[in-house]
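So the structure is just underneath, and the comments pick up after that.
Computed from a prediction, not measured in an experiment: that's the story for all the values here. Naming convention: chains lettered A, B, ... in sequence-line order (proteins, then strands); numbering from 1 in each chain.
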Amino acid sequence: MNRIWSGIKNWLIAMGSPPLFYRWATSSLPWLAGLAFLMFSAGLIWGIGFSPADYKQGDVYRIIYIHVPSAILAESIYLLMAVGGFISMVWRAKIAGMLINSAAPLGAGFTLVALVTGSIWGKPTWGTWWVWDARLTSTLILFFLYAAIIGLHSSIENKTKADRAVSILAVLGVVIVPIIKKSVDWWQTLHQPSTFTLTSSPSMAPEMYLPLLVCVLGFYCLFVFMLSNSLRGEIISRERDKAWVKKQFFKQ
Amino acid sequence: MLDSLQILFLMDGNGPYVWSCLLILIIVTGVNIIIPIIRLNKISREGNLEE
Amino acid sequence: MKDRDDALNWFMLVLRRDLTLSFRRSATYITPLIFFLIVVTFFPLALGPSQSLLSSMASGIIWISALLSSLLAVEGIFSEDYRDGTLDQYFVSSEPVFVLIFAKVLCHWLVCGAPIILASIISSIFLYLPSGALIALIISLLLGTLFMSLLGALGAALSLGKSAILSAIIVLPFSIPTLLMGTAIMSAAINQQDYSGFLLIMGAMLAIGIPGLCLLTVEAILLNYE
Amino acid sequence: MSNILKVKNLNCQRSGKVVLQGLNFEVEAGKNVEIIGSNGSGKTTILRLLLGFINDYDGDIYWNDSEVPSKLQEKDIHCFYQGHQIGIKPLLTVYENLKFSSSGFNSSEEEITSVANKVGIKTFLNRQSASLSAGQKRRIAIGRWLLKDFNLYLIDEPFTTLDDEGVELIKGVVTELNNRGASFLITGHRPSELNSKKIYLEVENER
């Protein structure tokens with residue numbers, strides 16, 4: 001058993017050094033892409049195409065197969081950035097700072113998808129484009145947290161200093177996010193909640209629930225692929241004048 | 001075959017909403033995938049800074 | 001006599017250079033947008049999500065946030081040029097300097113005005129603004145943000161190198177007429193009345209503001225040269 | 001010989017300290033004048049005074065042999081000013097820094113590339129100026145001198161951060177522009193090899 005465990009540990013440490021990560025990412029990118037595309041499309045096709053229609057909302061509930069996975073992913077990316085921030089603050093690992101800087105736009109993208117699909121979902125069901133529902137409001141605030149991280153990073157020229165500043169914000173953010181969610185829920189109950197909330201849909205029948213699970217897994221695989229893709233670009237642009245970049249990237 | 005696609009597309013009136021959500025998802029993720037690739041091409045074209 | 005195309009030449013030079021610079025730095029036009037949306041999100045959080053309450057106050061909230069974010073965006077309009085010496089070139093050229101200052105403010109308005117208007121459309125959804133008022137909102141904000149950019153440029157010139165909050169205090173009282181005109185237009189539009197009268201007044205304020213405020217900005221910049 | 005600029009007993013005080021006292025010099029058309037002095041001896045004040053940035057001075061400045069003292073802007077003189085800060089925008093590329101300058105705006109692409117070639121920055125033309133060294137940025141500034149014909153060049157310490165090759169470049173550029181009738185008023189810490197009339201300023205406390 002501990003052989004496997006030490007294998008994983010070495011792999012993690014290897015990932016800590018940019019050249020090794022770059023080589024691993026370049027070699028495994030096509031596989032990740034294939035896996036991501038497979039899982040992602042399987043989940044969506046199953047969810048949108050074949051799962052039965054909801055008795056109350058009809059077919060429009062199928063948006064759940066896009067809205068819920070991207071909302072879940074948005075929050076877990078923020079958690080990942082907080083872990084990266086913690087590592088970069090404690091061990092000063094350069095790769096952790098780069099991880100935050102490449103994961104932030106992805107997280108912002110998924111939060112945006114969650115917001116827009118949420119408001120599109122609201123239009124047929126409640127007639128207005130936007131509802132100040134607890135989940136949507138906390139997703140909107142999460143979007144501002146992502147904007148804060150991206151804004152702070154782009155405003156500092158010296159990239160290593162920018163990484164340290166952003167990791168502080170990421171670690172602080174992960175403490176704030178649950179507090180925000182609780183306070184928004186409390187805010188929701190304080191103002192006599194509108195009679196419905198978006199995703200507390202009644203216990204879903206298994207044939208609706210399974211595609212959702214596959215979709216969430218598909219989204220995670222998609223994220224792993226996108227992260228290694230953008231982290232690769234980040235490493236090259238950061239270590240551009242290093243020897244190993246010349247050897248591996250410019251093939252001189 | 002054709003009419004089942006028709007039903008799939010229309011989804012009794014709610015079709016456009018579902019498909020626009022899918023479109024937004026594809027656009028946003030597509031942009032997030034393409035930007036790093038463009039950045040890498042720009043760097044490899046510019047070559048390293050020495051020369 | 002100096003041929004007229006020289007002044008136009010300089011105007012285009014300043015405009016094109018600042019446009020290229022602003023598009024290179026994406027932060028310049030995203031920050032006002034995000035600031036605007038955050039300020040607008042605070043109101044439902046503070047006052048409750050009830051639709052009727054929010055839609056009755058929507059135009060006021062949107063207008064105040066638009067003023068504040070366009071003012072915030074205009075803070076550092078001159079600081080970079082003042083620091084690296086390009087501002088001196090304006091005075092060396094024998095062209096009227098206030099024309100060049102207007103070129104800079106116009107470029108800033110193009111870069112920061114558009115995101116603010118986009119953000120106001122998004123926030124009209126957030127705050128359930130009655131649908132008739134959207135066009136009036138966009139027109140009044142177009143004029144309003146231009147006037148605020150001019151005013152903010154004067155504030156930035158006066159507080160060049162000093163603390164940024166000072167320029168806000170200097171400039172905000174002067175933006176009250178714009179705010180009143182804007183909200184008057186909005187309430188007229190909501191009650192389906194004709195609001196062209198207010199638009200004309202705002203246009204007149206701009207007609208006086210563009211040359212007047214630019215001349216004052218030139219004086220304010222010259223203060224830092226003695 | 002017609003004088004493009006004549007300065008008669010110029011006195012100027014800045015915040016209580018006497019900066020200039022009884023300064024007289026002329027700049028002939030096509031000739032160069034160098035004002036040499038240590039820091040705080042008023043070199044930059046002279047340039048800013050000529051440009052009209054500073055107005056509280058006594059003494060007279062005559063432009064283009066006119067008997068009546070006047071401001072630079074009132075005379076039809078094409079003047080180029082380069083201060084301590086050379087105004088290179090790090091976010092713009094080298095080409096854009098040349099194009100968007102007072103001299104280079106309506107010059108064609110060939111002119112700009114040929115000037116860039118002459119000052120040795122042709123290979124960096126479409127690279128962002130942030131990644132250039134201080135010496136290379138100075139070459140962009142020198143490139144701007146060549147892009148348009150000016151009557152008078154007011155340059156504040158052109159030789160800082162320049163290697164010998166850069167100094168040679170400036171000598172070549174200055175002589176070339178002199179032949180075209182332009183005159184230079186340069187400030188510096190030490191006299192340079194340029195063929196120019198040298199004027200020494202003493203700092204107030206050494207007197």
Distance-minimising heavy-atom pair for A/Val131 and C/Tyr128: CA-OH, 3.7 Å
Among the listed options C/Ala27, C/Pro44, C/Ser50, the residue most often paired with chain A at heavy-atom distances under 4.5 Å: C/Pro44
CZ/C/Phe91: more than 12 non-hydrogen atoms of other groups inside 6.0 Å: yes
Within 6.0 Å of CZ in A/Arg164, more than 12 heavy atoms from elsewhere: no
Region of A/Ser155 in contact with chain C, defined by heavy-atom distances below 4.5 Å: neither
Inter-residue atom distance C/Phe42.CZ - A/Ile141.CD1, 0.5 Å rounding: 8.0 Å
Chain C interface, residue from A/Leu140, A/Val184, A/Ile150, A/Thr137 that has the most non-hydrogen pairs under 4.5 Å: A/Leu140
Contacting moiety of C/Leu47, where chain A heavy atoms sit under 4.5 Å: backbone
CZ (C/Phe11) with more than 12 external heavy atoms under 6.0 Å: yes
Heavy-atom pair of closest approach, residues C/Thr41 and A/Phe144: OG1-CE1, 3.4 Å
Euclidean distance, A/Trp132 CH2 relative to C/Phe43 CZ, rounded to 0.5 Å: 11.5 Å
CD (C/Gln193) with more than 12 external heavy atoms under 6.0 Å: yes
Stepwise side-chain contact (heavy atoms from CB on, under 4.5 Å) check, C/Leu37 with A/Phe143: CA-CA 11 Å; C/Leu37 288 176; A/Phe143 180 73; 5.6 Å; no
